[in-house]
Amino acid sequence: MEYMSCPEAAKKWGISERRVQILCRDNRIPGVSKLGYMWLIPKDAEKPIDGRTKRGKELHHE
């Protein structure tokens, strides 16, 4: 399986690197693993729905 780093995922998904790290820490991205201090995110991983926004909550509960 191929992986991408937090900065790569942040650029791909249009969010901050810190937000990607938080999503990894909270197990919001399937297949993610940690190697030392670095998160490994599967290249084919989808951006999780953002449950912090009203729109994200509506989508999450459908």
Side-chain angles (χ1 to χ4, degrees):
M1 182 181 288
E2 288 192 47
Y3 293 97
M4 60 183 162
S5 64
C6 284
E8 290 172 309
K11 187 173 183 180
K12 180 179 176 182
W13 296 338
I15 58 177
S16 71
E17 185 178 339
R18 181 69 186 132
R19 183 69 189 142
V20 174
Q21 292 169 348
I22 291 167
L23 292 170
C24 291
R25 182 197 68 201
D26 294 345
N27 289 322
R28 297 277 312 279
I29 303 169
V32 74
S33 58
K34 195 170 188 183
L35 180 63
Y37 66 90
M38 193 170 94
W39 289 103
L40 300 175
I41 303 161
K43 282 232 186 246
D44 59 354
E46 295 290 321
K47 177 185 174 187
I49 293 171
D50 190 345
R52 298 174 304 164
T53 63
K54 187 175 189 317
R55 175 107 176 105
K57 288 178 180 160
E58 289 168 0
L59 289 172
H60 198 62
H61 294 308
E62 286 181 1

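Predicted, not measured: the structure shown is a model, and the values here were computed from it.
Rounding to the nearest 0.5 Å gives a distance of 6.0 Å between CG of D44 and CE of M1. Here the CH2-CD distance, from W13 to E46, works out to 8.5 Å after rounding to the nearest 0.5 Å.
Remark: K11 pairs with no residue by the side-chain contact (heavy atoms from CB on, under 4.5 Å) rule, at least two apart or across chains.
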Which atom pairs, donor and acceptor, lie under 3.5 Å between side-chain atoms of residues 14-25 and protein residues at least two apart or in another chain?
{"from": "S16", "atom 1": "OG", "to": "R19", "atom 2": "N", "distance (Å)": "3.0"}
{"from": "R18", "atom 1": "NH1", "to": "Q21", "atom 2": "OE1", "distance (Å)": "3.2"}

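Here the shortest heavy-atom pairing between Y3 and S33 reads CE2-OG, 4.5 Å. Shortest non-hydrogen contact noted between P30 and R28 is CD-O, 3.7 Å. In terms of heavy atoms, K43 sits closest to M4 at O-CE, 4.0 Å.
Between I41 and C6 there is a side-chain heavy-atom pair separated by less than 4.5 Å.
I29 and W39 fall within a single hydrophobic cluster, where Ile, Leu, Val, Met, Phe, Trp and Tyr side chains are chained together by heavy-atom contacts under 4.5 Å.
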